[in-house]
Amino acid sequence: MPELPEVEVTRRSFADRIAGARIVSATLGKPLRWPLGCAPAELVGRTVLGVRRRGKYLLLDLDEGLLLLHLGMSGSLTFAAPGTLAGVHDHFDLLTNQGLLRLHDPRRFGAVVHAAGETDPVARKLLDHLGLEPLGDTFQVDAFHAGLKQRRAAIKQVLLAGDVVVGVGNIYASEALFLAGIRPTTRADRISLPRARGLHAAIRDVLGRAVEKGGSTLRDFFNAQGESGYFQLEAAVYGRAGLPCRRCETPVRLLKQGQRSTFFCPVCQRP
DNA sequence: ACATCTACCTGGTGGC
DNA sequence: TGCCACCAGGTAGATG
């Protein structure tokens with residue numbers, strides 16, 4: 001479910017509601033990607049100061065330490081009525097005096113990790129290598145272009161890797177490259193400054209619009225208040241193999257890069 | 001240092 | 001209807 005827009009929409013949908021909340025209890029379901037890293041009882045009595053986002057990680061700042069949440073491929077956060085029984089795919093319940101925050105994640109690629117602080121090795125391991133924030137002020141064309149210059153891999157895979165710019169997942173990578181007119185197989189270090197400028201703008205545009213629309217994916221998405229962003233953003237190429245390009249009518253092509261599907265228009269997107 | 005592959009897990013879909 | 005192969009939005013860690 002989540003690429004950066006979905007994670008950001010999730011953050012906005014529950015940050016205000018959880019801010020200032022005192023943790024009453026924390027309950028784990030089946031194992032997630034990594035262990036919590038502390039006994040759930042140690043969280044009791046902590047106060048949630050606020051929620052930040054770094055890449056696709058949600059950072060719940062506590063009065064002591066922090067929780068790093070990742071939604072993986074199928075995770076979602078909702079407020080459940082206190083007392084509601086956890087379902088088979090509910091794997092983390094954070095009961096507070098301001099509501100019950102519940103992580104639902106069928107595939108369990110998601111994670112909830114406790115760290116003593118941002119310099120805690122467990123947090124650094126997850127956050128240190130992350131690239132520029134695409135919607136933030138640090139995402140400047142020159143820095144982006146310089147990052148691409150260091151990489152010989154295909155631009156699509158460099159975008160997905162998240163160490164040059166974070167948050168561009170499989171769907172938005174195809175979409176941004178279409179908007180920028182760049183073939184996904186183009187070597188990252190062969191992209192000129194003007195084309196990098198176009199890609200920079202395309203990434204901000206496609207991610208920014210998705211956030212404004214409330215997070216949109218080709219399946220379904222609900223924010224923590226249970227509101228859907230279903231199908232509010234039309235895909236230009238993603239999932240459209242064989243269908244006419246919306247710009248030039250040429251059939252959209254599908255290729256595999258690193259076992260992941262990439263969609264592109266062979267006419268509108270040049271190497 | 002970099003690029004590529006593997007693994008983690010469940011559910012939905014389409015073919016037979 | 002059942003069975004099965006294949007697909008799915010992420011990413012750290014192992015391997016080349």
Side-chain angles (χ1 to χ4, degrees), chain A residues 1-10 29-35 37 53-58 68-77 87-92 103-113 115 121-131 134 147-177 184-190 206-207 210-211 213-223 228-233 235 237-242 254-263:
Chain A
M1 184 176 307
E3 295 196 28
L4 183 143
E6 289 76 22
V7 177
E8 176 60 18
V9 168
T10 296
K30 288 187 197 169
L32 291 162
R33 181 165 189 181
W34 298 296
R53 179 187 56 74
R54 177 72 180 100
K56 293 171 191 166
Y57 287 94
L58 290 170
L68 293 90
L69 271 65
H70 199 291
L71 302 179
M73 290 206 359
S74 57
S76 59
L77 284 170
V88 282
H89 298 310
D90 296 329
H91 305 303
F92 182 73
L103 175 67
H104 177 86
D105 185 5
R107 287 180 73 180
R108 293 193 278 133
F109 288 1
V112 183
V113 174
V122 72
R124 297 195 54 168
K125 183 184 67 175
L126 300 177
L127 303 176
D128 272 9
H129 68 278
L130 297 180
L148 296 184
K149 279 284 165 211
Q150 321 236 159
R151 305 295 299 276
R152 276 184 277 191
I155 181 61
K156 157 79 180 329
Q157 301 196 257
V158 170
L159 291 179
L160 273 190
D163 42 11
V164 175
V165 57
V166 293
V168 185
N170 204 42
I171 294 177
Y172 295 115
S174 283
E175 295 296 300
L177 288 167
T185 48
T186 306
R187 272 172 55 158
D189 63 351
R190 299 275 175 83
V206 71
L207 294 183
V211 172
K213 295 275 189 178
S216 83
T217 62
L218 300 185
R219 303 217 176 165
D220 211 344
F221 169 71
F222 291 90
N223 66 25
S228 175
Y230 188 53
F231 263 163
Q232 290 189 25
L233 191 73
V237 286
Y238 188 85
R240 291 179 47 81
L254 164 65
L255 73 107
K256 296 283 179 185
Q257 291 179 288
Q259 351 271 70
R260 314 298 301 280
S261 296
T262 302
F263 300 86

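Note that the structure is a prediction, hence the values are computed from the model and not measured. Letters A, B, ... are given to chains in the order of the sequence lines, protein chains preceding strands, and every chain is numbered from 1.
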Item to check | For A:His104, all residues meeting side-chain hydrogen bond (donor to acceptor under 3.5 Å, both in side chains), sequence neighbours excluded | outcome: A:Asp90
Next on the checklist: In dot-bracket form, 5' to 3', how is DNA chain C paired? Count Watson-Crick and G-U wobble pairs only if both distances fall under 3.5 Å, and write | where the partner sits on another strand.
Outcome noted: .|||||||.|||||||
Checklist entry - salt bridge (charged side-chain N to carboxylate O under 4.0 Å, His left out): which pairs involve residues 153-175 of chain A, sequence neighbours left out? => result A:Arg151-A:Asp163
Pick out the pairs of N or O atoms, protein on one side and nucleotides 5-7 of chain B on the other, that lie under 3.5 Å.
none

Item to check | For A:Arg190, salt bridge (charged side-chain N to carboxylate O under 4.0 Å, His left out) partners two or more places apart | outcome: none
Item to check | C:dT11 phosphate, OP1 or OP2, under 4.0 Å from A:His70 side-chain N/O | outcome: yes
Item to check | Gap between atoms CG and P, on A:Leu58 and C:dG10 respectively (whole Å) | outcome: 15 Å
Next on the checklist: Taking only side-chain N and O atoms of A:Tyr57, does any of them lie within less than 4.0 angstrom of OP1 or OP2 on C:dT11?
Outcome noted: no
Checklist entry - Taking only residues two or more places apart in sequence, or in another chain, which ones meet A:Ala115 in a side-chain contact (heavy atoms from CB on, under 4.5 Å)? => result A:Leu66, A:Leu68, A:Asp120, A:Val122, A:Ala123
Checklist entry - By ring pair (Phe, Tyr, Trp, His ring centres under 6.0 Å), which residues pair with A:Phe263, not counting sequence neighbours? => result A:Tyr238
Checklist entry - Taking only residues two or more places apart in sequence or in another chain, which ones pass side-chain hydrogen bond (donor to acceptor under 3.5 Å, both in side chains) with A:Thr185? => result none
Do any N or O atoms of the protein come closer than 3.5 Å to N or O atoms of nucleotides 13-16 of chain C, and which pairs are they?
unit_1	atom_1	unit_2	atom_2	d
C:dG13	OP1	A:Lys125	NZ	3.3

Checklist entry - Looking at A:His129, does any N or O in its side chain come under 4.0 Å of the phosphate oxygens OP1/OP2 on C:dT11? => result no
Item to check | B:dT10 phosphate, OP1 or OP2, under 4.0 Å from A:Arg108 side-chain N/O | outcome: yes
Checklist entry - Quick one: ring pair (Phe, Tyr, Trp, His ring centres under 6.0 Å) partners of A:His70, sequence neighbours excluded? => result A:Tyr57
Item to check | Contacts of type side-chain hydrogen bond (donor to acceptor under 3.5 Å, both in side chains), residue A:Arg152, not counting sequence neighbours | outcome: none
Next on the checklist: Does A:Arg151 reach a base, just sugar-phosphate, or nothing at all? Heavy atoms under 4.0 Å.
Outcome noted: sugar-phosphate
Checklist entry - Quick one: salt bridge (charged side-chain N to carboxylate O under 4.0 Å, His left out) partners of A:Arg54, sequence neighbours excluded? => result A:Glu133
Checklist entry - Is the phosphate of C:dG10, meaning OP1 or OP2, less than 4.0 Å from a side-chain N or O of A:Arg260? => result yes
